[in-house]
Amino acid sequence: MERPFRTLDEQIKILIGRKLVIDDIEGAKFLLTKHGYYSIINGYKDIFLKVKTSLTEDDCFKENVNFNEIINLYRFDVEVRNSILSALENIESTLQTNIAYILSDKYGDKQQDYLRPSNFRLGQRTRNGRMQRDVLLENLKAICIKDQHPMKHYRTRYGNVPPWILVKGLTFGNIIYITSVA
């Protein structure tokens, strides 16, 4: 069943009707405007709800549950997600840097040298029957010819995309492939 649009006042009225304590109505409206009812309430309400005794019963909050508790859980979750994302970005950057270093050190900085098929193991067959190495090399060559900075700059200015530039275009999937067939 689709939900109709509700004004901020209607949203607050619904929450209060479901026994949610809201100390600062204007503050709650501001947060609903900033983050959205769906993101805050629907995303985090479940642990604060009374157990329903029938399927037709509306959601009702446990006694003395405050809007601030839900918003604090929402904020905590955002902080955790941001921390994890930041850590993953650091890991990805470290892997990219190390891959560039290893490719450059072992095979040189010229595309025709470091992208030789003989530099990589065949790997396993993919779902469509191709070898992982072939898929990887196709992806790496596609990155080299992208019309995005810095690949385009290095390709047009120097006629080559060295590994430390190539890695700027790698996805996490490419990194996994490289580590599995290198």
Side-chain angles (χ1 to χ4, degrees), residues 2-3 27-48 67-182:
E2 275 192 46
R3 302 286 178 157
K29 285 181 185 180
F30 171 76
L31 291 168
L32 290 170
T33 301
K34 185 174 180 184
H35 303 291
Y37 185 98
Y38 185 85
S39 296
I40 297 171
I41 303 301
N42 290 0
Y44 299 92
K45 69 181 178 187
D46 291 345
I47 64 170
F48 299 105
F67 180 84
N68 292 333
E69 293 174 279
I70 298 173
I71 198 68
N72 286 339
L73 180 59
Y74 168 81
R75 287 176 174 154
F76 175 74
D77 185 51
V78 168
E79 285 181 31
V80 169
R81 281 186 279 140
N82 288 340
S83 295
I84 291 170
L85 182 59
S86 177
L88 287 173
E89 286 173 346
N90 287 332
I91 291 167
E92 185 177 27
S93 177
T94 299
L95 288 171
Q96 287 174 333
T97 301
N98 284 281
I99 287 168
Y101 185 87
I102 291 166
L103 288 175
S104 299
D105 185 49
K106 196 168 183 178
Y107 306 116
D109 63 359
K110 302 286 184 241
Q111 284 171 248
Q112 67 269 17
D113 295 332
Y114 73 81
L115 291 180
R116 282 194 182 120
S118 60
N119 296 341
F120 303 91
R121 290 180 295 111
L122 280 174
Q124 299 178 358
R125 287 203 180 275
T126 62
R127 288 184 203 157
N128 63 7
R130 298 178 64 209
M131 300 309 293
Q132 284 179 316
R133 177 192 68 189
D134 300 330
V135 173
L136 171 67
L137 290 172
E138 185 178 291
N139 289 339
L140 297 179
K141 289 174 184 174
I143 291 168
C144 288
I145 61 170
K146 282 188 175 181
D147 281 338
Q148 294 174 333
H149 185 76
M151 276 62 79
K152 182 178 180 179
H153 169 75
Y154 271 79
R155 191 178 62 252
T156 56
R157 183 157 186 177
Y158 303 108
N160 180 58
V161 177
W164 56 89
I165 298 301
L166 171 79
V167 296
K168 302 293 183 199
L170 293 180
T171 64
F172 204 70
N174 297 139
I175 291 171
I176 304 266
Y177 258 60
I178 286 175
T179 58
S180 68
V181 297

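What you find for V181 and L136 is that their closest heavy atoms are CG2-CD2, 3.4 Å. Summarising the geometry of T179 relative to I176, their closest heavy-atom pair is OG1-O, 2.8 Å, with the distance given to 0.1 Å.
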* **Evaluation steps, side-chain contact (heavy atoms from CB on, under 4.5 Å), between Q132 and T126** => CA-CA 6 Å; Q132 284 179 316; T126 62; 4.2 Å; yes

* For side-chain contact (heavy atoms from CB on, under 4.5 Å), just list the numbers for F67 and I41, CA-CA rounded to whole Å, side-chain angles, deciding distance to a tenth of an Å, and then say yes or no. => CA-CA 9 Å; F67 180 84; I41 303 301; 4.0 Å; yes

* Asked: Run the side-chain contact (heavy atoms from CB on, under 4.5 Å) check on L170 and L140 step by step: do they pass?
  -> CA-CA 8 Å; L170 293 180; L140 297 179; 3.4 Å; yes

Residues 101-108, side-chain donor-acceptor partners within the protein, below 3.5 Å, at least two apart:
| unit_1 | atom_1 | unit_2 | atom_2 | d |
| --- | --- | --- | --- | --- |
| S104 | OG | A100 | O | 2.8 |
| Y107 | OH | N119 | O | 3.1 |

List the atom pairs, with distances to 0.1 Å, where a side-chain N or O of residues 159-168 and a protein N or O form a donor-acceptor pair under 3.5 Å, not counting sequence neighbours.
| unit_1 | atom_1 | unit_2 | atom_2 | d |
| --- | --- | --- | --- | --- |
| N160 | OD1 | Q111 | N | 2.8 |
| N160 | ND2 | D109 | O | 2.7 |

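No more than 12 heavy atoms of other residues, nucleotides or ligands lie within 6.0 Å of CD in Q124, so this atom counts as exposed by the packing criterion.
Without hydrogens or angle criteria, R133 side chain to S118 main chain gives no donor-acceptor distance under 3.5 Å. Between the side chain of S86 and the main chain of N82, no donor-acceptor pair closer than 3.5 Å is present. Although no hydrogens or angles enter the test, the distance criterion places no donor-acceptor pair under 3.5 Å between the side chain of D77 and the main chain of L73.
Here E69 pairs with nothing under the salt bridge (Lys or Arg N to Asp or Glu O under 4.0 Å) rule; sequence neighbours left out.
From L88, atom CG reaches atom CG of L85 across 6.5 Å, with rounding to the nearest 0.5 Å. Note that CG of L95 and CZ of F172 are 6.0 Å apart. Values are rounded to the nearest 0.5 Å. If you take NE2 on H35 and OH on Y37, they are separated by 16.0 Å, rounding to the nearest 0.5 Å. Expressed to the nearest 0.5 Å, how far CD of Q96 lies from CD1 of I175 amounts to 4.5 Å. In this structure, the separation between CZ on F76 and CZ on R81 is 11.5 Å, given to the nearest 0.5 Å. Rounding to the nearest 0.5 angstrom, the gap separating the NZ atom in K141 from the CG atom in L137 is 5.5 Å.
The side-chain heavy atoms of D147 and R155, taken from C-beta on, include a pair separated by under 4.5 Å. Looking at L31 and Y74, their side chains never come closer than 4.5 Å, going by heavy atoms from C-beta outward. R125 is not listed as a side-chain neighbour of R130, based on a closest heavy-atom distance of 4.5 Å or more.
For the 3.5 Å distance criterion, the side chains of N139 and Y177 fail to qualify, holding no donor opposite an acceptor. N90 and S93 share no donor-acceptor pair across their side chains, judged by distance under 3.5 Å alone.
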